[in-house]
2 protein chains.
Amino acid sequence: MSLIQQLVLEFKRLPGVGEKTAQRFVYSLLKKSNQDPIRLSNQIREVVEKVRPCSSCGKFTELGECEICTNPSRDMSLICVVEEAHEVEAVEKSRSYSGLYHVLGGKLSPLDGIGPQELNLASLFERIKREGSIVQEVIIATNSSVEGEATAVYLEAVIRPLGPRVSRLARGIPVGGDLEYVDTSTIVEAMDRRTEM
Amino acid sequence: MSLIQQLVLEFKRLPGVGEKTAQRFVYSLLKKSNQDPIRLSNQIREVVEKVRPCSSCGKFTELGECEICTNPSRDMSLICVVEEAHEVEAVEKSRSYSGLYHVLGGKLSPLDGIGPQELNLASLFERIKREGSIVQEVIIATNSSVEGEATAVYLEAVIRPLGPRVSRLARGIPVGGDLEYVDTSTIVEAMDRRTEM
């Protein structure tokens, strides 16, 4: 197999990349039209060598403890629990939250053999116990899938006895969402949880 | 800027990759779920260091002269001229052609400052002159865009006086194409060039 074909295969392992896209990537690198391929190569190596999960929350960081966990101006009484590290960025971008995070690194999925032991849970429970009365509320922001819901129910059952309030992100019609295109179960939830104006 | 952000920026330079896709790439590499990032990094470096345009046709290859130019069973009387190296793969995949190729590395586009000097043309003309009577036909397979057509017209004007026949890929309704969805100019061409059954 030629070097080009090998690199096409390797690019195809990236999420959402098929044969044609992988070929376009390789030829784009070869034409050096828009980038420096050696810099890309070096940065990939640097990221996987230097970036590690934060020792406290599990978010990826090149520091031992991430910039959110070590930021004294964050509200330490709140912990927002997300499934994956990149979901932290989504919440941060909304500028609606100033507390800390905890990244599970997945969700409960017994069929795939992912139980509580496979998730980054022990450190969350330890953190809540250790920091005792500091943690007032744990906001569960797992996805609204079946596994995400199951994970939320499990977390609520384990965390509530430890002391903090446990909350869940609100569900309903997305902002700007057209009722016509919103799925039925979302409308059912939105109707059930309607709020007085 | 963090290492992750730098790598996101670098991935965004790939064709068709936006912010979200670049982030997914980085997190996929960090989770090492489906690939070995160091191998990807090494292969990118190896490809850009070892792969060069073929000294004869301009197609990318890790050999000095590519596997098509050096294959004695290819028909040396035919040269198919394409704009970009990856278009060679498309023609090869069709298994409809057994001659040689020549890669222009672009198309004439005066507005972007790309004239004949900027394309891999000199070596094509030299090849036709040098190999004299061997080259019987030059098939122009530039794209069917305005610039592709202009390039074809230019090539025809320069190559015909050198001896070989000059032909152009047929245009018309794509195989499996639904008349309803074919654009008007393609229908006009297909009507003009209709063939007797």
Side-chain angles (χ1 to χ4, degrees), chain A residues 1-17 19-53 59-63 66-67 84-90 93 103 105-106, chain B residues 1-17 19-53 59-63 66-67 84-90 93 103 105-106:
Chain A
M1 198 163 28
S2 77
L3 290 174
I4 290 183
Q5 286 167 323
Q6 284 174 33
L7 183 54
V8 166
L9 273 186
E10 203 61 37
F11 271 130
K12 275 172 72 178
R13 294 170 182 273
L14 289 171
V17 175
E19 180 81 19
K20 290 256 172 179
T21 307
Q23 278 181 8
R24 285 181 67 199
F25 287 178
V26 175
Y27 284 108
S28 164
L29 290 176
L30 279 170
K31 289 207 82 176
K32 300 184 186 68
S33 45
N34 197 20
Q35 64 241 107
D36 182 346
I38 296 296
R39 195 171 59 198
L40 175 61
S41 164
N42 288 341
Q43 286 186 350
I44 291 173
R45 175 182 295 274
E46 214 179 338
V47 161
V48 294
E49 282 175 355
K50 295 195 184 158
V51 174
R52 292 277 169 274
K59 174 182 178 304
F60 286 118
T61 180
E62 60 208 85
L63 317 159
C66 78
E67 73 285 3
E84 301 289 352
H86 61 266
E87 291 160 349
V88 171
E89 317 285 334
K93 214 176 250 175
V103 177
Chain B
M1 200 164 27
S2 78
L3 290 174
I4 290 182
Q5 286 168 325
Q6 283 174 33
L7 184 54
V8 166
L9 273 185
E10 204 60 37
F11 271 130
K12 274 172 74 178
R13 294 170 181 273
L14 290 171
V17 175
E19 179 82 19
K20 289 255 172 181
T21 308
Q23 278 181 7
R24 283 181 68 200
F25 287 178
V26 175
Y27 284 107
S28 164
L29 290 176
L30 278 171
K31 288 206 84 177
K32 300 183 185 71
S33 44
N34 196 21
Q35 66 241 105
D36 180 347
I38 296 297
R39 194 171 61 199
L40 174 61
S41 164
N42 289 340
Q43 286 187 351
I44 291 172
R45 175 181 296 273
E46 213 178 340
V47 160
V48 296
E49 281 175 356
K50 295 194 183 158
V51 173
R52 291 276 169 275
K59 174 181 178 303
F60 286 117
T61 180
E62 61 209 85
L63 316 159
C66 79
E67 73 285 2
E84 300 290 351
H86 61 266
E87 289 159 350
V88 170
E89 317 285 335
K93 213 176 254 179
V103 177

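Each chain gets a letter, A, B and so on, in the order the sequences are listed, and its residues count up from 1.
The closest side-chain heavy-atom distance from B/Asn42 to A/Arg45 is below 4.5 Å. The closest side-chain heavy-atom distance from B/Leu40 to A/Leu7 is below 4.5 Å.
With a 4.5 Å cut-off on non-hydrogen atoms, A/Glu67 does not touch chain B at all. Contact of B/Glu62 with chain A is made through the side chain alone, with heavy-atom distances under 4.5 Å.
Note that the CD atom of B/Gln43 and the CD1 atom of A/Ile44 stand 10.5 Å from one another [nearest 0.5 Å]. A distance of 10.5 Å separates CZ of A/Phe60 from CG of B/Leu29, quoted to the nearest 0.5 Å. Atom CG of B/Asp36 sits about 8.5 Å away from atom CZ of A/Arg13, to the nearest 0.5 Å. Distance NZ/A/Lys50 to OG/B/Ser2: 12.5 Å, rounded to 0.5 Å. Within the model, atoms CD of B/Glu84 and CG of A/Leu30 stand 11.5 Å from one another, a figure rounded to the nearest 0.5 Å. Annotation: the span from A/His86 atom NE2 to B/Ile4 atom CD1 amounts to 12.0 Å, rounded to 0.5 Å.
Most heavy-atom pairs under 4.5 Å with chain A: of the set B/Gln23, B/Gln6, B/Arg52, B/Glu89, this distinction falls to B/Gln6. The residue among A/Thr61, A/Val47, A/Leu9 with the most heavy atom pairs within less than 4.5 Å of chain B is A/Val47.
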Subject >> Criterion side chain to side chain contact (heavy atoms under 4.5 Å, CB included) on A/Arg24 and B/Leu14, from CA distance to verdict >> reply: CA-CA 8 Å; A/Arg24 285 181 67 199; B/Leu14 290 171; over 6 Å; no
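Aromatic ring orientation, A/Phe25 versus B/Phe25: perpendicular (interplanar angle above 60°, classes split at 30° and 60°).
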